[in-house]
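Notes follow once the structure below has been shown.
Residue numbers start at 1 and run along the sequence shown. Remember, it's 1-based here, ligands and their atoms both numbered in the order they're listed.
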Amino acid sequence: MSLSVIILAAGKGTRMKSDTPKVLHKLAGKPLLGHVIDTARKLHPEKICVVYGYGAERLLEAFPAQADLCWALQEPQLGTGHAVKQAIEQIDGSDITLILYGDVPLTPLLVLARLSESVNEKAVALLTAEMDDPSGYGRIVRDADGNAIAIVEHKDADKKQLAIREINTGIMALPTEKLKKWLQQINNNNAQQEYYLTDVIGLAVKDGFDIHTQHAFAIEDVTGVNSRQQLAELERYLQKRTAIGLYEHGVTIRDPDRFDLRGDLKIGQDVEIDVNVILEGNVQIGNNVRIESNCIIRDSIIGDNARILSHCVIENSHIESGCIVGPFARLRPDSVLRENTKIGNFVEIKKSIIGPGSKVNHLSYVGDAEVGRSVNIGAGTIVCNYDGANKHQTIIEDGVFIGSDTQLVAPVKIGKNATIGAGSTITKNVAADTLALSRTKQTTVAGWQRPVKKK
Ligand code: UD1
Ligand code: CA
């Protein structure tokens with residue numbers, strides 16, 4: 001049977017105390033609504049329609065137009081039933097409509113698939129959960145035989161109903177044509193004077209439908225985010241779940257409570273990740289890689305056997321196998337480290353290729369440069385790539401040795417196996433196999449007396 005999805009996301013999220021619409025707040029680096037849309041897509045629905053209201057422009061901007069995605073403006077927001085009504089006209093020809101919430105990000109695909117499958121011409125499907133403290137939620141009312149027959153909102157519930165601990169998660173799947181009909185029949189004669197989506201359950205029962213209820217496995221699967229604290233709690237839950245998945249894949253995460261993946265990760269086996277490592281965007285890590293504590297790695301590829309020592313910031317870079325980077329190194333976008341290179345402490349690399357086996361071990365800046373193989377760049381070397389207006393290229397060929405505290409003023413080329421004496425400022429090209437030096441001669445003043453402080 002064909003399926004469409006409606007995602008409710010019109011609410012402001014007052015308790016977030018934020019200018020940003022709630023569903024744009026990020027969980028594991030992705031907006032809450034993005035999580036819901038991504039899961040919905042995996043059900044291969046004909047259409048996903050998002051009901052939006054608060055922060056309309058920001059939402060449309062965050063989710064660029066896609067063929068399967070449509071939007072329905074709800075203004076003003078008169079309740080969940082009213083919200084679904086705004087979208088349902090755009091759902092045509094789908095047998096089943098699944099209702100999701102933009103602020104309930106972690107419902108597993110399997111749960112939604114099972115829920116949708118249990119809908120038929122005679123049944124509506126409802127995802128429920130058992131809560132120790134059900135305050136605020138709609139309660140599932142059952143008849144003497146145990147069949148669900150209605151949902152009563154907390155504010156409308158009598159004393160007996162308030163004692164019910166089985167709650168409505170809000171997630172339900174219904175036959176589309178019937179849903180359209182039931183939505184016409186709901187009213188706002190209730191404590192909150194809202195059009196409740198939950199009233200369609202009672203209407204379905206009246207029409208002879210069964211209510212197939214399904215229990216959530218974990219409460220986090222159906223938890224909505226209303227506050228920053230709840231967002232942080234779900235974040236830790238999700239990160240821990242990710243870490244546990246990585247254990248099964250053959251990855252050691254030293255402490256699952258201090259691991260953060262904010263994006264997509266492809267990772268090999270026997271990788272060790274120490275505490276407080278943040279992986280962002282698209283990250284690819286090979287086999288036998290070791291990443292020490294406090295590193296941020298964003299949109300980068302790390303080859304087999306590489307070691308990233310502590311406190312490195314690596315962005316949009318490609319580190320080939322066997323490299324050692326850090327501690328305290330920064331790789332800025334478009335840096336490529338070929339096999340077995342070594343980048344040491346307080347070294348910044350930008351938009352440069354460092355050839356196989358080359359070393360930049362201490363306190364250097366290399367930008368807009370092409371460095372060959374087996375090059376040694378001494379401590380404190382600066383590539384002066386920027387003249388205040390333009391960036392210029394530096395080429396350092398294979399086997400070059402650059403003495404410490406050298407400035408290479410680009411554009412400049414250092415030929416194969418050349419040597420640059422320490423403390424030089426190189427402004428002209430250096431030919432292969434030569435030594436270039438640009439230091440003033442050392443002078444000596446004999447018997448020099450240091451000044452003394454006056455008493
Ligand atoms: C709703 C359910 C309640 C359930 C609870 C689960 C109704 C009447 N009640 O409660 O049974 O236990 O969810 O969390 O459905 N929204 C709109 N437009 C609106 C109103 C809400 O888009 O006019 C969206 C909100 O942005 C939010 C979601 O719907 O994402 C749920 O709204 P919320 O007010 O949090 O839920 P309740 O109505 O309190
Ligand atoms: Ca409400």
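Annotation for ligand 1: atoms under 4.0 Å from non-hydrogen atoms of Tyr101 are 28 (C), 29 (O), 31 (C). Residue Tyr196 approaches ligand 1 through these ligand atoms, each under 4.0 Å from one of its heavy atoms: 8 (C). Close approach of ligand 1 to Tyr137 is summarised as follows: ligand atoms under 4.0 Å from at least one heavy atom of the residue are 6 (C), 12 (O), 14 (O). Of all the atoms in ligand 1, the ones that sit under 4.0 Å from a non-hydrogen atom of Ala9 are 22 (O). With ligand atoms numbered from 1 in the order given, ligand 1 contributes 3 (C), 4 (C), 11 (O), 12 (O) to contacts under 4.0 Å with heavy atoms of Gly138. Short contacts between ligand 1 and Leu8, defined as distances under 4.0 Å to a heavy atom of the residue, involve ligand atoms 22 (O), 24 (C), 29 (O), 30 (O).
The closest approach between a heavy atom of Thr198 and any atom of ligand 1 is below 4.0 Å. The closest approach between a heavy atom of Gly224 and any atom of ligand 1 is not below 4.0 Å. Residue contacts with ligand 1 include Glu153, since one or more of its heavy atoms lies under 4.0 Å from the ligand. The shortest heavy-atom distance from Gly79 to ligand 1 is under 4.0 Å.
Looking at ligand 1, you won't find any N or O of Gly170 less than 3.5 Å from one of its N or O atoms. At a 3.5 angstrom cut-off on N or O pairs, Glu194 does not count as close to ligand 1. Close N/O approach between Asp103 and ligand 1 is found [any backbone or side-chain N/O within under 3.5 Å]. Below 3.5 Å of separation, one finds no N or O of Ala83 facing any N or O of ligand 1.
By the 6.0 Å contact criterion, NZ on Lys30 is enclosed, its count of non-hydrogen atoms from other residues, nucleotides or ligands being greater than 12. When the shell of 6.0 Å around NZ of Lys206 is examined, it contains 12 or fewer heavy atoms from other residues, nucleotides or ligands. Counting heavy-atom neighbours within 6.0 Å of Asp19 CG, excluding the residue itself, gives a total of 12 or less. Environment of CG in Leu110: sparse, with no more than 12 heavy atoms of neighbouring residues, nucleotides or ligands closer than 6.0 Å.
Nearest heavy-atom pair across Ala173 and Leu98 is CB-CD1, 4.0 Å. Looking at every heavy atom in both residues, Ser358 comes nearest to Val371 through OG-CG1, 4.3 Å.
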For this session: Could you walk me through whether Asp334 and Lys350 pass the salt bridge (charged side-chain N to carboxylate O under 4.0 Å, His left out) test, one step at a time?
Result: CA-CA 7 Å; Asp334 301 317; Lys350 187 217 86 174; over 6 Å; no
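No salt bridge links Glu220 with Arg241; every basic N to acidic carboxylate O contact stays at or beyond 4.0 Å.
By the side chain to side chain contact (heavy atoms under 4.5 Å, CB included) test, Glu177 is found to be paired with Lys180, residues two or more places apart in sequence or in another chain being considered.
For Lys266 and Asn282, the side-chain atoms include no donor-acceptor pair closer than 3.5 Å.
Contacts between Leu78 and ligand 1, counted as non-hydrogen atom pairs separated by less than 4.0 Å, involve the backbone only. With a heavy-atom cut-off of 4.0 Å, Lys22 does not touch ligand 1 at all.
With Val36, Thr80, Ile167, Thr14 as candidates, the residue nearest to atom 8 (C) of ligand 1 on a non-hydrogen basis is Thr80.
Legend: ring pair (Phe, Tyr, Trp, His ring centres under 6.0 Å) pairs involving residues 44-67, not counting sequence neighbours, sorted by first then second residue: Tyr52-Trp71.
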